[in-house]
Amino acid sequence: MSLQLTFFSFGSLIGCIFTAVLGSFLAAIRNRSKSSSYLAGAFFLLSIHAFSFVIAYSIDSPIAAYHRWLILAVIPALSCMGQFFFFYPSPAKEKFAFRFLITQLFVWISFSVYYIFSTFNQEPIFDFSEQIWTFYLPLENKILGVLVLVYSFLMIFTGIWRSWIASKESNRFTGLFVLFFSLLIFPPVIANSMSRAGLISRTDFLTVYTFFMIPGSFVILVLYINTTSDQTRFLNRITGICLGTFLLILYWIGLASVSRQEDTFDLSKLREAENSIFIRKNVPDPDPSLRVGIPTNPDSPKRFPRQSSGYYDSVFPSKAERYFVEGNKEESRSVLYKFDLENRKYEAIFPYEEYRNFLHRAIGPYFAVLFITVFVILFGFRIFFRGAIWNPLKNLLIGIGKVNQGDLNTKIQVRIQDEIGFLTDSFNGMVSSIREARTALSVYADTLEDQVKDRTSRLTKLLEQQQGDYFLTSLLLKPFGIETARNGKVFVESFTRQKKQFSFKEQNHEIGGDLCMSTSLKIGGANCTVFMNADAMGKSIQGAGGAIVLGSVFGAILNRTRLFEDRTLEFSPQRWLRSSFLELSKVFEIFEGSMLVTAVLGVIEESTGKTYLVNAEHPSPILYRNGKASLIPTKHFFNRIGLPFDPSSTFTVQSFQLKPGDCLFLGSDGKDDLIVGLREDGSKEINENQEAFLSRIEEAKGDLHMIYQGMEEYLTDDISFLKIEYSYSQEPLRTNGQPTKFVSKEIN
């Protein structure tokens, strides 16, 4: 037995290594699902199938014929693919799937026993059409081909059935798996059948096999790890992507260069034969391994033609053909060339062993490059990426876990100022902001408790405890609200009426969860107007408490932005909104759902009127232009502030352009929850049409007080309006949504 490498063994080994690595990647998933297990099994079995070709094309010995046993692994690989669809994306028909698998395995084992037993009665033969040792089993191989097709179609039908019964979201991914499994299996199966029928060469079959095996397996793995609920490791994904890319490139390089080595061998031997013809005129038989003479009987021994590529035909002065000659007891296998020289026909015979040795030497360096590449990617890349990517990410994940457990003193060291370093630095800043906000909240809570105790002791003879609490809470809430504000070209006006009304010291007061805030900031070096309209969930003190926390944290964000104005030069309005919204969300998540807020946060560039909005389940903004009011459709709603924010989701900031004279209205849901009548059972019928408020704006011509007067008697909840008017100049104008006209002097 001797190792004689060929280009076929090189291509097969690439597919074998890659599928084995993919199977190992899936098998290494902790607590993996059955779909991951079956997909890993399919890749391992395909690796065994590819390894059978490695044996066949690398060993020039009759023992290599037993590679046919390993080829049988392709059938259970198809069974595993079919079982994958029963468990992806979730298990379905598990009992039927188990019986179906047992039936398929029984048929496969029965046929395998029959197939292996048939090889015991056969002597290995050397197939020159494939350059491999094999068994002459025409009937058994036909049955094997039929079983492969049947199992392939059963796998595809199972995938189509699962796509049909799956949900719309899962149906899309299941259908993609059906498509990619089909591309992985059917082209190599068809190419194999065509090569055995003589329609294409084995080189073409191996090209098709490797081309669909590596990219097909790679695409299936990428699609699966991005849709499965199993926890996969980031480092393994990068390694798999790099390995698949390098192996495919290496294969195409080998295909472009190594496959030409046969033509090089033919040319060298034809030149040697030509020289021998001329030398023999003076030197008798100088090379006993080379026999050159007049053509003999072509029927003995049996000859197997091989079509030339045309390369050496253009170099050698006469037409040349190559044949493989079958060996016998007296002579070994050989390579025969038939050619014309000086109007005479010649035959040159060389030992077949020289042909295989030549290919072995030519392909050897490529095998060395292949093993070095695999070793560097599987081990070297992991070491590199572990230090450059995985360790920083791991430290960040550890820090996030500590923060989730309540440790706000966590600080992660930034080692490299790249994207991960920026993310780590931002995380440290966010944790610092949350820590400061929690400290501020603790101070507020301690102060509130002390003030309530102190004021309660002085107000016990004047009012009941509840009225005192209401009054104190309203005092804490009052500094955060605004009535009017002029910020350059932007005029802001608000109106708030809380549903809870009470009297204290013969004066009327109110308390609730609605809040309007606005101020002028410099963001990215530009003057901007920042505004917020919010509604804290809960009645009376609970809603007011949420508004106080919201006003405190948002006010802290505004003050911090002013203090560090020079550091916001690189901030855009979108980035500032994202940072502010996430900071608010993190603070309110501390209360674990007991304090929720709906809100609209926005920024207006005073010089251009460009407006940016973030909507957290708040009613849609309203644009009042040219006397007509219309809803501005909200393209993306975030969860209420206080609910967990999904960090993997895309953060969307909506933008639109305000024109001079436009008015932007923001309001809480109290403006829509109006009493429109009584039902037959005596209960109140509440308005559910958000567009009903548009007519009220048009009727009142944008005047907030008139709008409130028209709906006061129908209110059921707190109500707040925030009106933002954009004008041409910085003079305080009241356009109320009407087009403005200015002379040039006023503009200047």
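We're numbering straight along the sequence, starting at 1. Computed over heavy atoms, backbone and side chain alike; hydrogens, waters and symmetry mates excluded.
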Is any side-chain heavy atom of Ile185 closer than 4.5 Å to a side-chain heavy atom of Ile156? no
All heavy atoms of Pro188 vs all of Val208, minimum pair found to be N-CG1, 4.2 Å
Compare every heavy atom of Ala65 with every heavy atom of Phe135, then report the nearest pair and how far apart it is. CE1-O, 3.3 Å
What distance separates Arg356 CZ from Leu5 CG, expressed to the nearest 0.5 Å? 9.0 Å
Can you list everything that forms a side chain to side chain contact (heavy atoms under 4.5 Å, CB included) with Ile632? Sequence neighbours excluded, please. Pro621, Leu623, Gln654, Phe656, Leu664
Name all residues meeting the side chain to side chain donor-acceptor pair (under 3.5 Å) criterion together with Tyr115; count only those two or more places apart in sequence or in a different chain, and write none if there are none. Arg68, Asn141
Can you tell me how far CZ of Phe153 sits from CG of Leu78, rounded to the nearest 0.5 angstrom? 11.5 Å
Ignoring hydrogens, what is the shortest heavy-atom contact between Trp108 and Leu72? Give both atom names and the distance. NE1-O, 2.9 Å
From CG (Leu613) to CD (Gln574), nearest 0.5 Å: 11.5 Å
Are Ser9 and Phe53 packed together at the side-chain level, in the sense that at least one heavy-atom pair is separated by less than 4.5 angstrom? no
Evaluate the side-chain contact (heavy atoms from CB on, under 4.5 Å) criterion for residues Ile75 and Leu45: first the C-alpha distance (whole Å), next the side-chain angles of each, then the deciding distance (0.1 Å), finally the verdict. CA-CA 9 Å; Ile75 296 179; Leu45 291 169; over 6 Å; no
Are the side chain of Arg162 and the backbone of Tyr88 linked by a donor-acceptor contact shorter than 3.5 Å? yes
Exercise: identify the closest heavy-atom pair between Ser182 and Pro187: O-CD, 3.3 Å
Just to verify, what does Phe638 make a ring pair (Phe, Tyr, Trp, His ring centres under 6.0 Å) with, not counting sequence neighbours? Phe581, His636, Phe651
Does anything in residues 45-56 form a side-chain hydrogen bond (donor to acceptor under 3.5 Å, both in side chains)? List the pairs, not counting sequence neighbours. His49-Tyr209
CG of Asn121: more than 12 outside heavy atoms within 6.0 angstrom? yes
To the nearest 0.5 Å, what is the distance between OG1 (Thr652) and CG (Asn615)? 12.0 Å
Over all atoms of both residues, closest heavy-atom pair of Pro89 and Thr174: CD-OG1, 4.3 Å
Below 4.5 Å, heavy atoms only, C-beta onward: do Phe180 and Leu184 meet side chain to side chain? no
By ring pair (Phe, Tyr, Trp, His ring centres under 6.0 Å), Trp133 pairs with (sequence neighbours left out) Phe126
Is the closest side-chain heavy-atom distance between Thr19 and Ile48 below 4.5 Å? no
Can you sort out the partners of Thr598 under side chain to side chain donor-acceptor pair (under 3.5 Å), two or more places apart, ordered by chain and number? His618
Partner residues of Ser620 under the side chain to side chain contact (heavy atoms under 4.5 Å, CB included) criterion, sequence neighbours left out: Leu631, Thr634, Phe637, Gln690
Ignoring hydrogens and geometry, is there a side-chain-to-backbone donor-acceptor pair from Thr6 to Tyr57 under 3.5 Å? yes
Show the nearest heavy-atom pair for residues Ala27 and Ala40, with the distance to one decimal. N-CB, 4.0 Å
Answer yes or no: does atom CZ of Arg578 have more than 12 heavy-atom neighbours from other residues, nucleotides or ligands under 6.0 Å? no
Those residues that, when tested against Trp69, pass side chain to side chain donor-acceptor pair (under 3.5 Å) (two or more places apart): Thr119
Can you list everything that forms a salt bridge (Lys or Arg N to Asp or Glu O under 4.0 Å) with Glu140? Sequence neighbours excluded, please. none
Pairing residues for Ser37 by the side chain to side chain donor-acceptor pair (under 3.5 Å) criterion, not counting sequence neighbours: Arg32
Quick one, Phe120 with Ile116, criterion side-chain contact (heavy atoms from CB on, under 4.5 Å). Give me CA distance, side-chain angles, the key distance, then yes/no. CA-CA 7 Å; Phe120 291 150; Ile116 294 173; 3.9 Å; yes
Would you say that Leu359 contacts Tyr355 through its side chain, given a criterion of any heavy-atom pair below 4.5 Å between the two side chains? yes
Thr228/Ile29 under side-chain contact (heavy atoms from CB on, under 4.5 Å): CA gap, chis, key distance, verdict: CA-CA 11 Å; Thr228 181; Ile29 297 177; 6.0 Å; no
Between Ser33 and Ser35, is there a side-chain donor-acceptor contact under 3.5 Å, judged purely by atom types and distance? yes
For Phe87, the ring pair (Phe, Tyr, Trp, His ring centres under 6.0 Å) test, sequence neighbours excluded, returns Tyr38
May I ask you to test the Ile71-His67 pair for a side-chain heavy-atom distance under 4.5 Å? yes
Supply the atom-to-atom distance Leu596 CG to Ile641 CD1, rounded to the nearest 0.5 angstrom. 10.0 Å
Let me see the working for Val74 and Tyr151 under side-chain contact (heavy atoms from CB on, under 4.5 Å), right down to the final yes or no. CA-CA 10 Å; Val74 69; Tyr151 276 61; over 6 Å; no
is_close_aromatic(Tyr224, Phe173), centroid dist under 6.0 Å: no
Does the gap between the ring centers of Phe177 and Phe85 come in under 6.0 Å? no
Check whether any side-chain heavy atom of Leu370 sits under 4.5 Å from a side-chain heavy atom of Ile17, and report yes or no. yes
Using distance only, find each side-chain donor-acceptor pair of residues 91-98 under 3.5 Å and give its atom names and separation, not counting sequence neighbours.
none

Would you say Phe246 has more than 12 foreign heavy atoms packed within less than 6.0 Å of its CZ? no
May I ask you to test the Leu22-Ile220 pair for a side-chain heavy-atom distance under 4.5 Å? no
To the nearest 0.5 Å, how far apart are CG in Leu577 and OG in Ser572? 8.5 Å
